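These numbers come from a predicted model, not from an experiment. We name chains A, B, ... by the order of the sequence lines, and we start the count at 1 in each one.
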Amino acid sequence: MQNYHPQKIEKKWQARWINEKVNAAHICDKEKFYVLEMFPYPSGKIHMGHLRNYTIGDVVARFFKNNNFNVLHPMGWDSFGMPAENAAIENNLSARKWTEENISNMKKQLQSIGLAIDWNREISTCSDEYYKHQQKLFIDLYNKGLIYKKDSYVNWDPVDNTVLANEQVIDGRGWRSGAIVEKKKLSQWFLKITAFSKELLDDLKGLDEWPEKVKTMQKNWIGYSDGAEIIFKVVNKNLEIKVFTTRPETIFGASFIAVSVEHELNLLFNHDKGFQIFREKCLKNQSRIDNEDEKLSFPTKLFVEHPFIKEKTLPVFFANYVLMDYGNGAIFGCPAHDNRDYDFAKKFKISITNVIKTVKKNEGGELPYSGISENDIMINSEFLNDLKISEAKKTIINKLIKTGKGKKKIGFKLRDWGISRQRYWGCPIPVIYKEDGEIQTVSESELPIKLPDDIDLSKPGNPLVNHSSWKKTKCSITGLNATRETDTLDTFFDSSWYYLRFCSPKIKDKPFNEEDINYWMPVDHYIGGIEHAILHLLYSRFFSRALKECNYKIPKEPFKKLITQGMVCHETFKNKKGKWIEPGEVVFKNGKYYHNTEELIKGRSEKMSKSKKNVVDPDEIIEIYGADTARLFMISDSPPERDLEWSIDGIKATHKYLCKIFDFLSKDLKFVLDTGKLDGKKLNEFEKNIYTFVNTTIYSFTEDIKSYRFNTAVAKLRELSNKILTRGICSDLFDYSWSIFLRLISIITPHLSQEIASKSGYNKLLCDLDWPSYDKLCLTSKNVKMVVQKNGKKKLLLEVPMDIDQDEVIKILFNHNSKLGIELKTSVKKIIFIKNKIINFVK
RNA sequence: GCGAGCGUGCUGAAAUUGGUAAACAGACAGGACUUAAAAUCCUGCGGGCGGUAACGCCCUUGUGGGUUCAAGUCCCACCGCUCGCACCA
């Protein structure tokens with residue numbers, strides 16, 4: 001006998017919510033709450049990670065709506081990007097059509113989860129309605145000097161055939177393709193994110209509702225270091241080399257200068273075959289360099305003057321271990337106090353001078369010594385001798401400034417964000433090149449610059465370059481011939497401001513308007529995967545600052561609270577040959593795992609991925625068990641920030657539970673959903689206990705949801721239902737208790753709750769109800785359970801009236817168990833008494 | 001190498017922030033119903049010792065130390081795992 005058919009009831013209520021636009025958000029006098037989950041890339045199908053992400057956000061959205069907030073919970077599509085273009089090339093179809101079909105399919109899937117989303121605000125980054133405004137923002141940023149073009153060596157992904165930003169290179173590989181990234185010299189568009197390095201770093205302190213982990217990652221990425229710039233004069237040439245260092249005090253230990261092969265000094269060696277070969281060798285490997293790589297050098301035969309030692313000169317080398325992107329692409333080598341310089345000096349037989357005397361190791365101790373400790377003292381350093389390191393650092397910087405040989409300088413690891421992509425399926429950059437090569441932004445009236453649909457994907461290279469007419473245009477001012485920019489924008493540009501567009505999704509003449517932004521921004525809770533800790537979140541924080549500079553009135557920090565949800569993991573199996581086997585095909589017998597007759601090796605549980613064959617399709621789960629089961633399971637077991645272990649047994653058990661609840665509540669119940677109140681005074685002792693339990697559940701469930709402790713919130717609901725399922729309670733209390741249960745669980749299982757309410761004759765929507773309030777008297781119950789301890793070990797649990805003092809507790813203890821009382825009191829040294837908690841007899 | 005975090009039953013986990021370790025689940029085992037199975041329901045479920053029994057006693061949060069009346073929680077050292085960064089001067 002099975003009465004619970006989620007397939008029928010879920011569709012019904014979803015249709016009603018959408019038709020009645022119950023989730024449409026409008027500005028009003030109520031307090032706003034903007035909850036946002038990171039919008040998806042329309043790959044065609046939702047995966048478990050989406051299901052988890054959107055369930056978490058939806059529970060929160062529904063909770064705040066019931067708590068009388070004006071909730072904004074929108075959804076859109078991060079719909080530009082490589083997969084569409086690749087699919088178009090492979091199957092000879094239109095990237096736009098492919099994307100739009102995927103969107104339509106995924107939208108149906110998202111709706112089948114029953115998400116309380118304002119679909120009227122749906123946006124899609126590949127629509128010209130969206131990117132028109134983005135092009136305007138590009139022009140604003142350009143005019144403000146925050147976008148510029150330069151020739152530089154960039155990260156080139158040979159599989160995706162495009163440039164990548166530094167943040168998009170992970171372990172030397174492209175973040176999407178996994179290909180080993182090469183260095184290539186190209187003319188590229190950059191966003192001047194480094195103009196905000198300091199701010200982006202300092203303002204992390206104000207993000208008190210962000211996970212520490214994410215803040216630490218951003219901090220390390222921005223990478224602040226405090227040091228100095230030192231100028232070295234090249235002997236017999238009208239040239240200087242500027243060097244950034246965090247250890248200027250070790251200048252007397254300097255024995256060489258090393259520069260990157262990309263350093264401007266390379267201009268002097270362009271004719272040199274040997275140098276060219278050396279440079280190629282360095283560039284090839286430079287996207288993936290690590291400490292263990294061999295040090296390579298190319299001597300320049302140039303020398304520089306030591307700034308403080310007369311007659312002393314230092315040889316200059318090109319070296320593979322010096323990075324062009326950091327500091328000035330040049331260092332002074334101090335082998336005694338830097339491991340890399342030490343390796344280099346040893347290999348190329350360069351002299352080593354120790355300039356630090358440590359307390360432990362005295363002069364001549366083991367080198368290199370790169371530590372800094374309080375009592376270390378400078379030696380062999382002329383006017384720095386006998387100073388502590390920290391004092392020496394100050395002294396040398398002052399000396400540099402005084403003599404004009406350098407200055408104090410702060411360095412950041414953060415580099416400007418390269419936004420050019422040599423691909424078709426992205427937002428066109430609204431720039432033209434005039435015949436004289438001059439760059440001109442497109443006038444606002446010409447926006448949007450639309451992507452052409454009639455492109456030829458059969459030829460290699462960027463289809464926009466290959467297009468016969470698209471790039472040909474005229475300058476709107478001079479009327480002369482001009483060429484369009486054929487690079488498109490990195491899709492992270494699209495997602496850096498979409499949260500603003502959600503506030504004014506329909507407005508035509510500007511990206512967003514002030515009134516909407518004022519009311520809705522910032523995003524109160526932003527929920528998404530930890531993988532965006534740096535990329536998307538840093539870009540968005542930069543964008544809001546950059547747009548502020550362009551006079552847009554928006555908050556500096558776009559996301560007030562950040563929740564980073566963990567991955568959905570699943571067990572993995574391999575056969576003896578190392579081939580992955582789907583967990584669904586594995587049989588467990590006598591403590592071993594088999595696929596057909598073959599014995600398998602059980603791997604550890606890993607993030608669901610096609611390559612490991614451990615993916616489960618959420619659509620199938622929803623079809624068989626219903627969205628409410630899937631939703632409840634997704635939040636039951638693990639807290640959101642931790643990885644979730646997928647388990648089909650867990651799903652089945654969750655479904656069983658909902659069936660039980662549904663069957664039970666389909667009986668003749670008179671819910672009191674609107675009032676949700678009961679006069680607790682008329683109840684007998686036993687009933688009062690139930691009543692108290694219900695009210696403490698309201699309280700603690702609410703607290704748990706507020707702080708994203710969904711797993712313990714669910715545990716409390718189950719405790720409540722366990723309690724009231726098995727006891728015979730008078731009908732008023734029974735109806736009241738189940739009404740509360742139904743309302744609490746309705747934010748997790750909205751369809752089931754609504755269906756039950758409706759079956760009982762209730763014809764309003766639960767999502768419009770106020771959140772249940774609790775009877776405060778219940779939280780200050782009259783009795784508490786106190787622990788009686790002997791030497792800190794539990795002996796007894798004693799129920800006593802609230803707030804009584806030590807003597808009274810002892811009196812009750814004697815009444816309850818005089819033998820134990822006497823035993824504890826005899827020869828007691830000390831009694832520790834914590835009111836309402838513990839009494840400890842110390843002997 | 002640098003930085004961050006974690007380590008609790010067979011498993012996912014909980015523990016009001018120093019005060020009853022294992023809530024709530026899953027798996028498993030036993031039982032009831034059934035000709036049988038499934039479904040459902042009930043019971044048990046960290047380890048050891050004692051008792052016919054109700055029950056009692058002892059041990060137990062990666063390992064070893066420490067602080068405290070009291071430690072999963074705080075401090076020190078070690079072991080193991082995960083994540084991020086990494087020739088960043």
Novice: I'd like the P distance from B/C55 over to B/U43, given in whole Å.
Specialist: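 Nearest-Å result for B/U43 against B/C55 at atom P: 15 Å.
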Novice: Between B/U61 and B/G80, how far apart are the C1' atoms? Round to whole Å, please.
Specialist: 16 Å
Novice: From the options B/U82, B/A13, B/G12, select the nucleotide whose nearest atom is closest to the side chain of A/Asp637.
Specialist: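 Looking only at heavy atoms from C-beta outward on A/Asp637, the closest nucleotide is B/G12.
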Novice: Assign A/Ser700 to base, sugar-phosphate, or nothing according to its heavy-atom contacts below 4.0 angstrom with the strands shown.
Specialist: nothing
Novice: Using the P atom in both, what is the distance from B/G47 to B/A23, to the nearest Å?
Specialist: 14 Å
Novice: Taking syn as any angle within 90 degrees of 0 and anti as the rest, which one fits B/G65?
Specialist: anti
Novice: Just confirming the chi classification of B/U17, syn or anti, using 90° around 0 as the syn window.
Specialist: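 B/U17: syn.
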Novice: Quickly work out the A/Asp643 CG to B/C83 P distance and round it to whole Å.
Specialist: 10 Å
Novice: Rounded to whole angstroms, how far apart are NZ on A/Lys219 and C1' on B/G5?
Specialist: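 The distance from NZ of A/Lys219 to C1' of B/G5 comes to 15 Å, rounded to the nearest Å.
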Novice: Which base, if any, makes a Watson-Crick or G-U wobble pair with B/C57, both distances under 3.5 Å?
Specialist: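 Its partner is B/G48 (Watson-Crick or G-U wobble, both distances under 3.5 Å).
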Novice: Is it true that A/Tyr369 and A/Asp376 share a donor-acceptor pair across their side chains at a distance under 3.5 Å?
Specialist: yes
Novice: Could you tell me how far B/C81 sits from B/U8 if I compare only their C1' atoms? Round to whole Å.
Specialist: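 It works out to 15 Å between them.
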Novice: Is there a side-chain contact between A/Phe244 and A/Lys409, using heavy atoms and a 4.5 Å cut-off?
Specialist: yes
Novice: To the nearest angstrom, how far is A/Leu538 atom CG from B/G84 atom P?
Specialist: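 That distance rounds to 17 Å.
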Novice: Are A/Phe348 and A/Phe256, when compared by the centres of their aromatic rings, separated by less than 6.0 Å?
Specialist: no
Novice: Using whole Å, report how far CD1 of A/Ile241 lies from C1' of B/A89.
Specialist: 15 Å
Novice: B/C87 base to A/Lys295 side chain: any donor-acceptor pair below 3.5 Å?
Specialist: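 Result: at least one qualifying N/O pair found.
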Novice: If you go through the side-chain atoms of A/Glu212, does one of them form a donor-acceptor pair with the base of B/G5 closer than 3.5 Å?
Specialist: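 Answer is no: no donor-acceptor pair is held.
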Novice: Give me the distance, rounded to whole Å, that separates B/C69 from B/A13 when you measure between the P atoms they each carry.
Specialist: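 Taking atom P in both B/C69 and B/A13, they lie 36 Å apart.
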Novice: Return the nearest nucleotide to the side chain of A/Gln789; candidates are B/A4, B/A89, B/G19.
Specialist: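 Nearest nucleotide to the side chain: B/G19.
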Novice: Taking the six-membered ring for Trp and the full ring for Phe, Tyr or His, determine whether the centres of A/Tyr4 and A/His655 are under 6.0 Å apart.
Specialist: yes
Novice: Counting only side-chain nitrogens and oxygens, does A/Ser225 get under 4.0 Å of the OP1 or OP2 atom of B/A89?
Specialist: yes
Novice: Would you please confirm or rule out a distance under 4.0 Å between OP1 or OP2 of B/A23 and any side-chain N or O of A/Arg718?
Specialist: no
Novice: Determine which nucleotide pairs with B/C74, using a 3.5 Å limit on both distances of a Watson-Crick or G-U wobble pair.
Specialist: B/G66
Novice: Rounding to a whole Å, what distance do you find between A/Leu658:CG and B/A25:P?
Specialist: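 Taking CG of A/Leu658 and P of B/A25, I get 13 Å after rounding.
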Novice: Between the base of B/C69 and the side chain of A/Asn840, is there a donor-acceptor distance below 3.5 Å?
Specialist: yes
Novice: Who does B/U40 pair with, Watson-Crick or G-U, both distances under 3.5 Å?
Specialist: B/A32
Novice: What distance, rounded to whole Å, do you find between the two P atoms, one in B/U16 and one in B/U73?
Specialist: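 B/U16 and B/U73 have their P atoms separated by 13 Å.
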Novice: With under 30° as parallel and over 60° as perpendicular, where do the rings of A/His532 and A/Phe492 fit, or are they tilted in between?
Specialist: perpendicular
Novice: B/G26, B/G3, B/G12: which one has an atom nearest the side-chain heavy atoms of A/Asn220?
Specialist: B/G3
Novice: Between A/Lys213 and B/A4, is there a contact of a side-chain N or O with OP1 or OP2 at under 4.0 Å?
Specialist: no
Novice: Between B/G19, B/C87, B/A15, spot the one nearest the side chain of A/Thr712, thanks.
Specialist: B/A15
Novice: If you check the A/Ile838 side chain, which of B/C24, B/G19, B/G3 turns out closest?
Specialist: B/G19
Novice: Quick one: label A/Thr245 by what it contacts on the DNA or RNA (base, sugar-phosphate, nothing), any heavy atom closer than 4.0 Å.
Specialist: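 Sugar-phosphate contact only - A/Thr245 comes under 4.0 Å of backbone atoms but never of a base.
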Novice: Once you measure the plane-to-plane angle for A/His570 and A/Trp646, does it fall in the parallel (<30°), tilted (30-60°) or perpendicular (>60°) bin?
Specialist: perpendicular
Novice: What's the CZ-P distance between A/Phe833 and B/G19, to the nearest Å?
Specialist: 17 Å
Novice: From B/A14, B/C24, B/C41, pick the nucleotide closest to the side chain of A/Lys656?
Specialist: B/C41
Novice: Heavy-atom nearest nucleotide on RNA chain B for A/Thr246 versus A/Ile530: which residue maps closer to 5'?
Specialist: A/Ile530
Novice: Which one, B/C87, B/G12, B/C24, comes nearest to the side chain of A/Asn320?
Specialist: B/C87
Novice: Indicate, with a heavy-atom threshold strictly under 4.0 Å, whether A/Lys830 touches base, sugar-phosphate, or nothing.
Specialist: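 The answer is sugar-phosphate, as A/Lys830 gets under 4.0 Å only of primed atoms, P, OP1 or OP2.
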Novice: What's the verdict on salt bridge (charged side-chain N to carboxylate O under 4.0 Å, His left out) for A/Asp704 and A/Lys716, showing C-alpha distance, side-chain angles and the deciding distance?
Specialist: CA-CA 9 Å; A/Asp704 282 351; A/Lys716 276 153 200 165; 2.7 Å; yes
Novice: With rounding to the closest Å, how many angstrom separate the P atoms on B/U11 and B/G62?
Specialist: 13 Å
Novice: Would A/Asn614 and A/Glu571 count as having a side-chain donor-acceptor pair, cut-off 3.5 Å?
Specialist: no
Novice: Would you please confirm or rule out a distance under 4.0 Å between OP1 or OP2 of B/A14 and any side-chain N or O of A/Arg642?
Specialist: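 Result: yes.
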Novice: Could you state the OH-C1' distance from A/Tyr657 to B/C41, rounded to the nearest angstrom?
Specialist: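 Value for this atom pair: 17 Å.
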Novice: What distance, rounded to whole Å, do you find between the two P atoms, one in B/A15 and one in B/A29?
Specialist: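 Comparing P positions in B/A15 and B/A29 gives a spacing of 31 Å.
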Novice: Just compare B/C24, B/C58, B/G12 and give me whichever is closest to any side-chain atom of A/Ser638.
Specialist: B/G12
Novice: Considering just the side-chain nitrogens and oxygens of A/Asn791, establish if one lies under 4.0 Å of OP1 or OP2 belonging to B/A70.
Specialist: no
Novice: Please classify the nucleic acid contact of A/Lys660 as base, sugar-phosphate, or nothing, using heavy-atom distances under 4.0 Å.
Specialist: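 Result for A/Lys660 = sugar-phosphate.
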Novice: Partner lookup for B/G12, please. Criteria are Watson-Crick or G-U wobble with both distances under 3.5 angstrom; report none if nothing qualifies.
Specialist: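 Paired with B/C24.
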Novice: If pairing requires Watson-Crick or G-U wobble contacts with both distances under 3.5 Å, which nucleotide is the partner of B/G7?
Specialist: B/C79
Novice: Does A/Asn339 make a side-chain N or O approach to OP1 or OP2 of B/A89 shorter than 4.0 Å?
Specialist: no
Novice: Identify whether any heavy atom of A/Lys793 sits under 4.0 Å from a base atom; if not, whether one sits that close to sugar-phosphate; answer base, sugar-phosphate or nothing.
Specialist: sugar-phosphate
Novice: Looking at every strand, decide which applies to A/Arg415 at a 4.0 Å heavy-atom threshold: base, sugar-phosphate, or nothing.
Specialist: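 Base, at least one base heavy atom under 4.0 Å.
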Novice: If you only use heavy atoms from C-beta on, which nucleotide in B/G12, B/A27, B/A23 is closest to the side chain of A/Ala715?
Specialist: B/A23
Novice: Before we go on, tell me: are the rings of A/Tyr342 and A/His337 under 6.0 Å apart, centre to centre?
Specialist: no
Novice: Could you please name the option among B/G26, B/U82, B/A15 that lies closest to any side-chain atom of A/Asp649?
Specialist: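 The nucleotide sitting nearest to the side chain is B/G26.
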Novice: Which residue lies toward the 5' end of RNA chain B, A/Trp221 or A/Arg247, if each is placed at its nearest nucleotide?
Specialist: A/Trp221
Novice: Just by distance, no angles: are the side chains of A/Ser605 and A/Glu645 close enough, under 3.5 Å, to form a donor-acceptor pair?
Specialist: yes
Novice: Taking CZ from A/Arg604 and C1' from B/G80, how many angstroms apart are they, rounded to a whole number?
Specialist: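 Going from A/Arg604 (CZ) to B/G80 (C1'), I get 13 Å.
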